[in-house]
Protein chains: 2
Amino acid sequence: MTSRLRKAFFFSLLEAKLDTSGNKRTTIHDLAAAAGVSISTASKALNNTGRMGDETRKRVKRIATEMGFRPNAMARGLLSKRSFTIGLLTNDTYGRFTLPVMAGVSDALLDHGVSVFLCAIEDDPALGQTHVEAMLDKQVDGIIASGKRVDKRLPVDLSNLQVPVVYAFTEGTPDSVTFRSDDAQGARLAVEWLRKLGRRHIVHVTGPEAFFSVRERAAAYREVAGEIEPVMYGIWAESWGHEAVQRIWTRPGGKPDAIFCGNDQIARGVVDALRERGVKVPQDISVVGFDNWEIVAGQTRPPLTTVDMCLKELGRQAGLTVLAMAEGRPVEPGVRKLPCRLVVRQSCGAENLEE
Amino acid sequence: MTSRLRKAFFFSLLEAKLDTSGNKRTTIHDLAAAAGVSISTASKALNNTGRMGDETRKRVKRIATEMGFRPNAMARGLLSKRSFTIGLLTNDTYGRFTLPVMAGVSDALLDHGVSVFLCAIEDDPALGQTHVEAMLDKQVDGIIASGKRVDKRLPVDLSNLQVPVVYAFTEGTPDSVTFRSDDAQGARLAVEWLRKLGRRHIVHVTGPEAFFSVRERAAAYREVAGEIEPVMYGIWAESWGHEAVQRIWTRPGGKPDAIFCGNDQIARGVVDALRERGVKVPQDISVVGFDNWEIVAGQTRPPLTTVDMCLKELGRQAGLTVLAMAEGRPVEPGVRKLPCRLVVRQSCGAENLEE
DNA sequence: CTGAAAGCGCTTACAG
DNA sequence: CTGAAAGCGCTTACAG
């Protein structure tokens, strides 16, 4: 085989394998021809509209299945003004919050034939703008804006768009629909659980006071725990958990029998620090986290009892809501707080209390 | 205000705020009318095609900008057979691998006006099938299949599709294009680094031998470290790191001066276990991880030196490749291994060596 | 009961 | 230099 021949052979192989531009899709014309009807009849048969002989409809449908005919969504969309597509905007790079939300959105909308564009815009306004325009060009039926905290806006203006917008886990405009978790209720769940276990001296170690969620959780903690001790604000890191334990154990006065942490990372730091001090979790002290971030909560020794914000459910509702709006159904604006749930693992002890 | 009135008022408020079905988009007809040209001229002006007076083109463009005209991608797509849309399929629920890949894909394609449908299919064949069909209906220009390990297929058949498919971090068909990281090179990077630091007794604690990546990394480790000691296979968890250290320190013989771990979770377990034994990292022993999973590598004390698979770059290349295929450019099939890089933090010591 | 025609919003030969 | 017409793949009044 000469070099040229070999090359030609190789190229034809590539063409055959990878050039998929050849076999064009079957259109409704092909279907109509195969079924021996007009394209209008074919269309009506498939959509269960119009009037026609029952067997005609059956036959068209059968042949459609046989041919593997699937209507071109772009053509349909041109008429119906529906793309069956929505956009999910997020500035949550890690995906810690966005992935569960996305899973819920996708899950809720798949049944309705809606697909989701995921657009990660970081905190870049230009990037956000570009993505929004790309989505609008593609005629998305709606947009879900999601983020990583409820008191910050995405770096892009979504008001006055021609499509409905729903906010999920990010701050929305006053007259919009916004979904967020009920931080106060979540915190109450945690502290009530600790009290039910007999804990009486509960400390709260949490993130920066600047976060709205932090203040909400702290307020609920104070209310349920009835503590006069100050909430310990810090950062969202394991290191803060270590430092907090250090502070608590080096200051004078009694030691707590429970620590309610603002997130799982802090809780992990707390648990590790306690172990290093020889304080036993959960025998000597109970620890509760927040977020139910599997990778953290599950790998902590012992695994963390923690508050789950049910973000998938939040995504599901957000998805159904944009859909409703896209279909013109009336939707009441406002903030909707979704309940959290407590996930019991081993960091509090006495799991059997759960029943 | 009577109840009925109040209701009516409230409803109109909702309508005004949330019913966006009113103001319809400006089409090329509106633009043409406003510019006083035919729609053909308007179209050609915008696309820099056809011939026309320079000022006509300028004027049309200016007016288009003023009106905020943006062509309907569905209409364009109907003609061009390009939707400027691709699908990213994944079974990686956590998003550990998919998110960086997604970021790269999105980043590479945004400039080309391509948006990405993200479809999380878990390991559910039916779900996968549904998503693929939804994507095909929407006329995606191509599909990227991505996963969490290179020796497993997604639970859905992507061969014989009418659109190009590229595999990223998941097993592809023999004649497809597949992107993966170069595990052997990554492992070499890690072990060579340890040797450069003067470490001579290097142990390898890794995941299940069933993983192809595990075997590749282990082979490279053996080759570079020249160890006769057996590789320690286990599971991808911190607990295995703890157990491995326990085993090493309780068996007879000399202790290692370095541990190369199969991923960051194991490395974290190893580092924690060493600290609990009073063995100092990095003074007494160096530890290297694999993955550069920020949440794990960054929070470990000390932070982990680890191998980064450059998944974003992998995504970028995968994106550009589907695009090329969608445009009919010839692409050579085969597996493409992308190089890893070493991220130096504090778990090995002597960082200044890096220069 | 079925089909021809118009049209969704664009682009692209083809006339003039 | 500019515009009328055809057409992408569908759906939906409207005739017959």
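Because the structure is a prediction, the values reported are computed rather than measured. Per chain, numbering begins at 1; letters A, B, ... match sequence-line order.
Looking at B/R180 and B/E171, no side-chain N of the basic residue comes within less than 4.0 Å of a carboxylate O on the acidic one, giving no salt bridge.
B/T85 and B/K138 share no side-chain donor-acceptor pair at under 3.5 Å.
Under a 3.5 Å cut-off, the side chain of B/N91 and the backbone N or O of B/I121 do not form any donor-acceptor pair. Of the possible donor and acceptor atoms, one in the side chain of B/R57 sits under 3.5 Å from a partner among the backbone N and O of B/K44.
Within 6.0 Å of CG on A/N160 lie no more than 12 heavy atoms contributed by other residues, nucleotides or ligands. No more than 12 heavy atoms of other residues, nucleotides or ligands lie within 6.0 Å of CD in A/E55, so this atom counts as exposed by the packing criterion.
Backbone-only contact: A/T56 has heavy atoms under 4.0 Å from sugar-phosphate atoms and none from a base.
The shortest side-chain heavy-atom distance between A/R153 and A/L158 does not fall under the 4.5 Å cut-off. With contacts defined as side-chain heavy-atom distances shorter than 4.5 Å, the pair B/R76/B/N47 qualifies. Looking only at side-chain heavy atoms (C-beta outward), B/I86 and B/L323 stay at 4.5 Å or farther from each other.
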I'd like to know whether B/F179 forms a ring pair (Phe, Tyr, Trp, His ring centres under 6.0 Å) with B/Y167, so could you lay out the CA-CA distance, the side-chain angles of the two residues, the decisive distance to 0.1 Å, and finally the verdict. CA-CA 6 Å; B/F179 289 91; B/Y167 298 83; over 10 Å; no

With sugar-phosphate taken as primed atoms, P, OP1 and OP2 and all else as base, the protein-contact string of nucleotides 6-16 of chain C at under 4.0 Å (heavy atoms; B, S, -) is -BBBBBBB---

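Spacing of P atoms, D/dA4 relative to C/dG7, comes out at 16 Å, to the nearest Å.
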Given Watson-Crick and G-U pairs under 3.5 Å, DNA chain C in dot-bracket ([ ] crossing, | other strand) is |||.||||||||.|||

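We find that CZ of A/R51 is positioned 7 Å from C1' of C/dC1, with the value rounded to whole Å.
For the segment residues 135-142 of chain B, the set of residues with a heavy atom within less than 4.0 Å of an atom of DNA chain D is empty.
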